[in-house]
Number of protein chains: 2
Amino acid sequence: MARPTKQAQHINIREAIKEVAWQQMVDVGAAELSLRAIARAIGVSAPAIYNHYADRDVLVTALIIDAYTSLGDYQLAARDSVPQDDIRGRLHATGIAYRAWAHAMPQRYQLIFGTPIPGYQAPPEVLPVAGRSLRALVSVIDQACATNVLNSVAIPTVMPVELPMFTVWQQHTGAQMPEALTVAIMIWGRVHGLVSLEIARAIPAFGRTGDGLFVYEMEAIEKQFLVHS
Amino acid sequence: MARPTKQAQHINIREAIKEVAWQQMVDVGAAELSLRAIARAIGVSAPAIYNHYADRDVLVTALIIDAYTSLGDYQLAARDSVPQDDIRGRLHATGIAYRAWAHAMPQRYQLIFGTPIPGYQAPPEVLPVAGRSLRALVSVIDQACATNVLNSVAIPTVMPVELPMFTVWQQHTGAQMPEALTVAIMIWGRVHGLVSLEIARAIPAFGRTGDGLFVYEMEAIEKQFLVHS
DNA sequence: TTCAATAAACTAACAGTGTATATTTACAGT
DNA sequence: ACTGTAAATATACACTGTTAGTTTATTGAA
């Protein structure tokens with residue numbers, strides 16, 4: 001038999017493939033992702049995957065897009081759990097959410113920010129959703145800028161050659177002011193640096209609950225970029 | 001013939017293997033490193049590699065150790081190019097050197113801080129040399145601490161459970177004061193965060209020469225952690 | 001000078017990977 | 001009822017890391 005009856009098939013195989021892929025990442029790590037193993041787990045031949053994803057990279061891209069979306073949602077929810085006029089609180093919550101998300105699903109984090117897939121190069125279609133994952137942070141900084149509580153003195157401007165890329169980023173992140181995006185990138189770098197070292201288990205845990213260093217960093221960020229009344 | 005005459009062999013095959021491996025990383029990226037391709041480039045059968053490295057991971061470990069050593073040397077040299085009493089200058093030079101090294105040899109950087117090798121887990125033997133790569137930064141912070149110009153107010157302490165690991169790190173980095181290591185880790189996180197995003201081409205270049213954001217960050221670091229006279 | 005031991009190469013093979021090709025078949029629409 | 005399409009199939013290819021068994025050049029000792 002070349003094709004089983006419909007009832008034996010998954011309702012939505014595309015989703016099933018991604019689910020199994022995430023499960024595999026949890027089990028054996030993002031680097032060991034294997035099309036054949038996914039097919040085996042679903043109970044289908046390996047080339048059957050190609051009916052739903054053109055090749056491995058397309059599948060990986062779909063996973064990355066999901067991960068970025070999840071990260072973005074997580075941060076937006078965290079931001080909105082704090083009153084709109086509490087800019088400092090919103091900034092803090094967004095940073096904490098970034099770290100919490102990474103610790104809750106390190107495979108997704110590694111998939112986005114590590115380079116676990118040999119030969120994989122992210123295609124341009126992830127750009128919008130990658131930008132969206134910065135929206136929460138950018139919006140807070142933008143609001144700080146608009147209400148005149150942003151300290152971005154002497155912040156550098158983007159290189160002329162990079163201006164097209166920067167403009168695209170501004171659109172996808174929804175940044176009103178260019179310097180808001182620049183500050184967001186700086187904050188992102190700091191948050192990401194610490195979190196990536198934590199995820200890689202390169203640094204020990206600090207404080208009573210393990211997030212001491214990160215909280216210290218968030219407070220330093222707030223002190224540096226928000227004018228304190 | 002099962003074994004060629006001695007003159008046809010490399011003088012030091014272990015080194016030749018590593019050289020070819022680095023070349024491959026430059027050519028096709030760290031993720032696509034292949035034992036067979038290395039053997040092919042040297043003009044030798046694939047299993048012959050196993051006479052010199054027990055398996056792929058051992059070779060990768062050797063490469064990582066070399067990379068860490070190179071990174072450590074680079075930063076120590078940068079530190080020593082500035083007079084010993086100029087702590088701020090030494091800190092700045094060390095940070096700039098970290099970034100310069102990463103940009104000069106992104107493959108080495110990716111090998112250490114990315115996770116480009118499927119299934120590879122760094123063995124404990126890289127710990128000393130990884131610690132050594134922090135020595136330059138740690139020594140400057142230590143000196144700042146000793147001369148009472150370090151601002152580490154309210155810096156958190158390591159979790160009790162992590163204290164053994166922290167102590168080992170203190171030894172390998174040569175940290176005199178525990179808080180010096182903690183501050184060094186924080187600074188490392190910030191420098192690493194920005195640099196890793198740059199290397200991944202996740203953020204655009206700023207300023208006239210492309211290092212605007214990084215220089216801005218270094219100055220912020222200096223302002224935060226060094227008491228300004 | 002002869003001889004055995006060792007180290008380092010070899011070939012062949014195994015299990016795994018992503019992917020291409022050509023084939024078969026269940027289902028939907030006319 | 002027939003046909004076109006979509007989705008599965010088996011088979012095959014070129015890779016990968018790794019193991020096993022074999023062969024030989026070189027070295028040190030008798």
Side-chain angles (χ1 to χ4, degrees), chain A residues 1-18 20-21 24-25 27-64 111 115-123, chain B residues 1-18 20-21 24-25 27-64 111 115-123:
Chain A
M1 168 173 44
R3 186 186 179 193
T5 70
K6 194 180 185 183
Q7 65 171 358
Q9 302 176 39
H10 279 87
I11 311 301
N12 191 340
I13 299 212
R14 283 183 64 90
E15 283 305 312
I17 290 172
K18 288 202 287 189
V20 172
Q24 280 216 352
M25 285 192 188
D27 293 346
V28 301
E32 311 254 284
L33 214 164
S34 152
L35 278 197
R36 293 182 111 107
I38 293 170
R40 227 177 293 129
I42 299 184
V44 113
S45 75
I49 307 281
Y50 287 79
N51 290 320
H52 308 280
Y53 296 97
D55 57 20
R56 191 201 51 172
D57 287 9
V58 172
L59 171 57
V60 171
T61 299
L63 294 169
I64 286 181
L111 184 65
T115 48
I117 309 294
Y120 178 80
Q121 274 282 30
Chain B
M1 169 175 38
R3 184 185 176 191
T5 70
K6 192 179 185 183
Q7 67 170 357
Q9 302 176 38
H10 280 85
I11 311 302
N12 190 342
I13 298 211
R14 283 182 64 89
E15 284 305 313
I17 290 172
K18 289 201 287 188
V20 172
Q24 279 216 353
M25 286 192 188
D27 293 346
V28 301
E32 311 253 286
L33 213 165
S34 152
L35 279 196
R36 292 183 109 107
I38 293 170
R40 227 177 291 129
I42 299 183
V44 113
S45 76
I49 307 281
Y50 286 78
N51 291 319
H52 307 280
Y53 295 97
D55 58 19
R56 190 201 52 171
D57 287 8
V58 171
L59 170 57
V60 171
T61 299
L63 295 170
I64 286 180
L111 185 64
T115 49
I117 309 292
Y120 177 80
Q121 275 280 30

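In what follows, chains carry the letters A, B, and so on, assigned in the order in which the sequence lines appear, proteins first and then strands, with residues in each chain numbered from 1. These numbers come from the heavy atoms of this one structure, side chains and all, not from hydrogens, waters or symmetry mates.
- You'll find the side chain of D55(A) stays beyond 4.5 Å of the side chain of L35(A), heavy atoms only.
- Closest to the R40(A) side chain, of the nucleotides dC10(C), dT19(C), dT17(C), is dT17(C).
- When distances run from any side-chain atom of A37(A) to the nucleotides dT17(C), dA10(D), dT18(D), the shortest one goes to dT17(C).
- No donor-acceptor pair closer than 3.5 Å links the side chain of R36(A) to the backbone N or O of A46(A).
- Between the side chain of N51(B) and the base of dA9(C) there is at least one donor-acceptor pair of N/O atoms closer than 3.5 Å.
- The 5' end of DNA chain D is approached more closely, in terms of each residue's nearest nucleotide, by I49(A) than by the other of S34(B) and I49(A).
- At its two ends the helix from dT1(C)-dA30(D) to dT30(C)-dA1(D) runs along axes set 10° apart, each axis drawn from five pairs and the angle rounded to 10°.
- Mapping R36(A) and V44(A) onto DNA chain D via the closest heavy atom, the residue that lands nearer the 5' end is V44(A).
- Distances from the side chain of H52(A) to the nucleotides dA20(C), dA8(D), dT19(D) place dA8(D) closest.
- Of the listed nucleotides (dT9(D), dT11(C), dG17(D)), dG17(D) has the atom at the smallest distance from the side chain of Y50(B).
- Side-chain proximity of I13(A) to the nucleotides dT19(C), dT19(D), dA8(D) is greatest for dA8(D).
- Heavy-atom minimum distance, I117(A) versus A30(A): CD1-O, 3.5 Å.
- Among T61(B), T115(B), D57(B), the one residue that satisfies the side chain to side chain donor-acceptor pair (under 3.5 Å) test with Y120(B) is T61(B).
- When distances run from any side-chain atom of D55(A) to the nucleotides dG17(D), dA10(D), dT19(C), the shortest one goes to dT19(C).
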